[in-house]
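The block underneath contains the structure these notes are about, expressed in structure tokens.
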Amino acid sequence: MHWSDVMAQRLAERGNDHIIATGITPSGEFHIGHLREILTGDMIARAARKAGLNATLVFVVDNADPLRKVYPFLSQAYESMVGHQLGAIPAPDENGEPDWDRFHTEGWTYGDHFLKPFLAALAQIGVRPTLLPNLEAYRSGKFADAAKKACDEPEVIREIIERISGRELPDQWFPWQPLDSQGSLDGLTVTGYEFPTVHWTDRHGVSGSSDISKGEGKLPWRLDWPAKWGFNNITCEPFGKDHGAAGGSYDTGKEIARFFGHEPPVPLTYEWISLKGQGAMSSSAGNTIGPIEALELVPPEILRFLIADTKPSKAIDFDAGMGLVNLADDFERWASRDLEAELADESLSRRQRVQLEDAMAALALASPDETNQASSTSVSFRHLALLAQIKTDDEQVWTSLAKSHNLSQPTDELNDRLRRMRTWIASPHFPEEMKVNIRSHPDTGALAALSPEQKGVLGPLHDALRACSWTTDSITAALKEAAERAEVGMRDVYRASYAVFMGAERGPRLAPILATCDQDAMLDLVNACLEA
RNA sequence: GGGCCUGUAGCUCAGUCAGGUAGAGCGUCGGACUUUUAAUCCGAUGGUCGCGGGUUCGAACCCCGUCGGGCCCGCCA
């Protein structure tokens, strides 16, 4: 059974109505790792609906979290805002300077700045979660009940965290982080409490008090999370493996949730996505691929397929080079099969059956449109990559596909694919081995590998090409003519031609590529090969 | 120290929850196709399931141990 269906089954045991939560802190650029969080949630929600349950996907925006430090993309002006809540400070402009103007006139915050493009990427990929901004939840008092329970009995919370996480909390620890006189969550000492007020002294020596029912501060993460489960009625939540460890925040959260008076959600721990050959993604190391960037290269259904087809417990090594080609072709292969018919075969072994069933589920989840199965475009990624390189004009691509694949009209899907393909080809991720490279000098190694008959083609080839009018058809005819004159088969002509023009044994169909090259340059190349 | 995830064919992985002949795709090799858009079709190749014990008629799967990789036990999500 597919992992999403296993989750749906678990949810069904618990009830009929479900809210599946995801949550991210908008502290910087989002990356494809964050996409796994959201897509995992989305796929659970879809599987639950498929199983007949009511399921909603929500996205908790953790904009009540503080700015941790001045990140490399921020100016020093942010120094004074470290410790301040992400939903309460201005967004950086293109120079990393705080944009106070937009902050004051539009209320445009740091959190909004990073969230907006991510949401746009999500919409493209077919995910439209209900947003739950956390800071707003605090300000409207949604945390009040949980905060009261925690502050009334801090020793209970302390005991849970110390016992389960195995670490000792400082003596002055208190289950509420107030905002200080400057708006920071850092460096305060709580000096007293009587509901709803927490009294404090900050690092500037100022004393004051916070109303916990008005969001003048926040719960520490380990309480914040279970509190949200309660008032949002969360029944399921996927989270990164960091939260999932024994003694981690889910472990303490489970017990704290029950103390608050509700059952914790059904968990699902997922592994990280790293970039091929570069280790874990890290914004500071600059080795990220943003979800927006990824979607400029990868069709949405293929990105979804990657997540759907990989069990959450498996780490993903994302490769925007050859790995992407293989992934896409893998997707196409599955999509073009009639799995339903294959499953009807009674002689399948249990393993084969499981494999087909899982692939079918993954394929369904890959479609950005929940109501429509992703379909095969019947044009392989490889092939499109080739056409996009050879044909500069989209129309020429469609003309070619009309001939080779019987495509009367390019679908929207194919139009999208071609657009992304062109972006990919222009990007540094496009793999060298996929590039169509016409040689400027003879490749002596490739020439040496030719048989005497094949070498004998070069002279006639030169003559035939010189005489031709340099169109695709005339070049094809010239190749044939070379075969006749040299008295060899076409196979030898192609072997020789690929050695000359591409330094390879085989390659994509030559004539259309040569037609886009300069005739004299190609003739010189053949000549140079004759002399080599 | 405590714990989680992970290790199966050259590569990516499925199969482990419910023990029953070791699986898929890619790659590689061979054949077919007398113009080949890295094509397509057919066939073949390929694994002491990290290692060592145990339970069992039978273990990739369950138990114990061990080794390698990743991660957590921070007011970090």
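Sequence lines set the chain letters: A, B, ... in the order given, protein chains first and strands last, and positions in each chain run from 1. Everything numeric here is computed off the predicted structure, so don't read it as measured data.
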Inset, instruction - Using the P atoms only, state how far B:G30 lies from B:G69, rounded to an integer number of Å. - result: 39 Å

Legend entry - Between P of B:U12 and CZ of A:Phe318, the distance in whole Å: 17 Å

Inset, instruction - Find the distance A:Asp309:CG to B:A24:P and express it as a whole number of Å. - result: 16 Å

Legend entry - A:Asn232: side-chain contact (heavy atoms from CB on, under 4.5 Å) partners, not counting sequence neighbours: A:Leu132, A:Lys228, A:Ile234

Legend entry - A:Lys241 with A:Glu271: basic N within carboxylate O range, under 4.0 Å: yes

Legend entry - Partners passing ring-ring contact (aromatic ring centres under 6.0 Å, His included) against A:His84 (at least two apart in sequence or in another chain): none

Inset, instruction - Compute the centroid of each ring, for A:Trp272 and then for A:Phe318, and state whether the two points are separated by less than 6.0 Å. - result: no

Legend entry - C1' atoms of B:U8 and B:G46, separation to the nearest Å: 13 Å

Legend entry - Closest-nucleotide 5' rank along RNA chain B - winner of A:Leu401 and A:Lys311: A:Lys311

Legend entry - Sugar-phosphate or base contact per nucleotide [nucleotides 28-33 of chain B; S, B, -; heavy atom under 4.0 Å]: -----B

Inset, instruction - Considering only atom C1', compute the distance from B:U21 to B:G27 and round it to an integer number of Å. - result: 27 Å

Inset, instruction - Could you work out the separation of B:A18 and B:G10 based on their C1' atoms and round it to a whole Å? - result: 34 Å

Inset, instruction - Starting from C1' on B:U36, measure out to CD on A:Gln454 and report it in whole angstrom. - result: 15 Å

Legend entry - Note: A:Asp330-A:Arg333 ion pair, threshold 4.0 Å (strictly below): yes

Inset, instruction - Take the protein atom CG of A:Asp358 and the nucleotide atom P of B:U16, then report the distance between them rounded to whole Å. - result: 10 Å

Legend entry - C1' atoms of B:A60 and B:G52, separation to the nearest Å: 16 Å

Inset, instruction - Calculate the interatomic distance between A:Ile161 atom CD1 and B:C75 atom C1'; express it in whole Å. - result: 10 Å

Legend entry - Positive for side chain to side chain contact (heavy atoms under 4.5 Å, CB included) with A:Ile307, one of A:Ile38, A:Leu35, A:Ile273: A:Ile273

